[in-house]
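Comments concern the structure below.
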Amino acid sequence: VPLLVLSMFLRGFRAARKSDVIHVHWPIAALAGIMLKMITGKKLVFTLYGASVYVSKYKSLITWILKKVDHVIFISSYTRSKSFIRKNPENESLITPGIDYEKYKPLEIDEITISDCFDRYGISRDSRKVMFLGRIIERKGVRYLIEAFGEVLKNSDDVELLVAGKGPEVEELKALSQSLGIEQNILFLGAVPDEDIVWLYNASDVFVLPAIIDSTGDTEGLGMVLVEAMSCEKSVIASNVGGIVDVVDDGENGFLVPEKDTAQLADRISRILNDREVSQKMGKIGRQKVIDVFNWSNIADRTEEIYRK
């Protein structure tokens with residue numbers, strides 16, 4: 001870590017001298033930024049991301065950094081609420097990351113149906129599809145999605161669960177699906193190339209992020225996969241933890257459920273699958289929220305306002 005901080009400092013020094021403001025992301029970069037601020041006298045803006053930075057082993061470091069920077073940008077109300085140091089509210093902002101909503105967009109029906117992704121991934125053309133995308137780790141809560149999916153299948157056997165991503169829990173989750181006797185309806189897709197992700201969102205009927213607060217206290221800082229799915233006009237279902245509540249408006253663009261509550265999760269999945277009108281309405285509301293809140297142009301304007309202060 002010290003060598004990485006030193007490398008960031010050396011690479012940033014020339015640029016910092018010519019700049020009006022130094023803007024750093026993540027705690028390690030903030031350490032280099034503080035050094036640059038001390039030497040150049042420039043103002044320092046720090047963007048703080050996921051809640052992982054708040055677990056105990058990082059607490060003293062983050063506390064120190066927050067005392068040294070001039071302005072803090074939090075990516076969600078959750079990360080802001082977990083801050084150890086409450087500075088002057090004028091020196092804090094809540095600005096989410098954005099996405100390219102022209103890239104993540106609804107596809108025409110024929111763009112979906114003629115794709116070779118069905119064959120490459122072994123996905124049925126006729127089934128209804130529930131999708132998850134992310135690292136297969138504890139805090140993503142995929143095991144609870146699989147358990148809930150087993151309940152969904154008791155009333156609807158024409159449904160597939162698409163699990164896209166890699167991680168240390170994959171084999172354990174495959175064993176869980178086999179123990180529940182539902183492995184034939186679950187596809188573990190592994191790492192999916194970027195060019196296929198928009199297609200997967202569009203080919204699915206609902207996107208689910210069953211996140212939990214894990215054993216270390218970590219959870220979702222925001223949940224950008226939800227934003228991507230919404231931008232493709234998909235209804236979403238997620239746990240009401242962390243920054244997810246800034247993305248999903250319960251009953252509007254999707255549903256929020258308590259973490260680890262497989263019964264409610266199964267119920268909401270079934271409701272979306274069985275009510276196309278509600279699903280489409282939620283999808284349209286979700287895309288409009290992305291355009292209004294998560295577009296880079298607005299985010300850039302708000303960030304520039306901070307620089308000008």
Side-chain angles (χ1 to χ4, degrees), residues 8 12 15-16 19-34 36-37 42-54 58 61-104 134 209 211 218-232 236 238 240-250 252-254 256 285-309:
M8 289 180 175
S19 303
D20 297 306
V21 178
I22 302 168
H23 189 165
V24 295
H25 301 253
W26 302 101
I28 291 177
L31 297 177
I34 290 169
L36 292 169
K37 167 184 163 68
K42 303 297 175 65
K43 296 293 185 180
L44 179 60
V45 178
F46 173 41
T47 295
L48 189 57
Y49 289 84
S52 61
V53 298
Y54 293 122
Y58 296 115
L61 173 63
I62 299 301
T63 300
W64 183 78
I65 290 173
L66 292 179
K67 290 178 179 178
K68 296 293 183 180
V69 302
D70 297 293
H71 197 99
V72 183
I73 296 175
F74 298 97
I75 66 161
S76 69
S77 58
Y78 179 73
T79 55
R80 187 173 194 168
S81 72
K82 298 292 285 186
S83 173
F84 305 116
I85 302 297
R86 300 305 296 165
K87 302 183 72 176
N88 186 333
E90 293 183 358
N91 296 328
E92 297 179 355
S93 301
L94 196 164
I95 303 178
T96 68
I99 68 165
D100 181 356
Y101 60 83
E102 293 297 338
K103 172 185 176 181
Y104 294 96
L209 180 58
D218 191 14
T219 192
E220 291 293 309
L222 189 64
M224 291 305 295
V225 288
L226 292 165
V227 180
E228 292 173 359
M230 287 161 49
S231 191
C232 294
V236 296
N240 58 353
V241 297
I244 288 173
V245 298
D246 290 345
V247 179
V248 182
D249 302 309
D250 189 37
E252 296 293 323
N253 56 10
L256 291 171
I285 293 173
R287 179 163 171 81
Q288 190 59 53
K289 179 170 183 176
V290 173
I291 293 171
D292 293 341
V293 177
F294 295 98
N295 77 78
W296 281 118
S297 178
N298 289 350
I299 291 165
D301 289 343
R302 293 183 62 200
T303 304
E304 186 177 356
E305 287 179 14
I306 293 170
Y307 296 162
R308 293 183 181 281
K309 286 183 178 179

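Values below: every heavy atom of this structure, side chains too, minus hydrogens, waters and symmetry copies.
Contact detail for A16 and I22: the closest heavy-atom pair is CB-CD1, 4.0 Å. Of all non-hydrogen atoms in I75 and T47, the two that sit nearest each other are CG2-CG2, 4.1 Å. Of all the heavy atoms in S76 and G221, the pair that sits closest is OG-O, 2.7 Å. A211 approaches I244 most closely through the heavy-atom pair CB-CD1, 3.9 Å. When all heavy atoms of T79 and L48 are compared, the pair lying nearest together is OG1-O, 4.4 Å. Nearest heavy atom pair, residue V72 against residue V69, reads CG2-CG2, 3.6 Å.
Counting heavy atoms from C-beta on, the side chains of V236 and L209 never come closer than 4.5 Å. Side-chain contact between I306 and V45: present, with at least one pair of heavy atoms (C-beta onward) separated by less than 4.5 Å. Looking only at side-chain heavy atoms (C-beta outward), F294 and V247 come within less than 4.5 Å of each other. Side-chain contact check for L31 versus W26: every heavy-atom pair is 4.5 Å or farther apart. With contacts defined as side-chain heavy-atom distances shorter than 4.5 Å, the pair K37/K68 does not qualify. Contact annotation: the side chain of L36 never approaches that of K42 to less than 4.5 Å [non-hydrogen atoms, C-beta and beyond].
Within the structure, side-chain hydrogen bond (donor to acceptor under 3.5 Å, both in side chains) pairs that include any residue of residues 291-303 comprise Q288-D292 (at least two apart or interchain).
L256 CG to N240 CG: the interatomic distance, rounded to the nearest 0.5 Å, is 5.5 Å. In this structure, the separation between OH on Y104 and CZ on R287 is 12.5 Å, given to the nearest 0.5 Å. Atom CG in L226 sits 11.5 Å away from atom CG in D246 (nearest 0.5 Å).
At a cut-off of 3.5 Å, with distance as the only test, a side-chain donor of H23 or Y307 sits close to an acceptor on the other residue.
With hydrogens and angles disregarded, no donor-acceptor distance shorter than 3.5 Å links the side chain of N253 to the backbone of V248. S81 places a side-chain N or O within donor-acceptor distance of the main-chain N or O of Y78, the cut-off being under 3.5 Å.
A salt bridge is absent between K43 and D20: the closest approach of a Lys/Arg side-chain nitrogen to an acidic carboxylate oxygen does not fall below 4.0 angstrom. Classification of E305 and K309 as a salt-bridged pair fails, no side-chain N sitting under 4.0 Å from a carboxylate O.
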Identify each donor-acceptor pair in which a side-chain atom of residues 95-102 lies under 3.5 Å from a protein atom, sequence neighbours left out, and give them as a table.
{"unit_1": "D100", "atom_1": "OD1", "unit_2": "E102", "atom_2": "N", "d": "3.0"}
{"unit_1": "D100", "atom_1": "OD1", "unit_2": "K103", "atom_2": "N", "d": "3.4"}

Decide ring pair (Phe, Tyr, Trp, His ring centres under 6.0 Å) for H71 and F46; before the verdict, give the C-alpha distance in whole Å, the side-chain angles of both, and the deciding distance to 0.1 Å. CA-CA 6 Å; H71 197 99; F46 173 41; over 10 Å; no
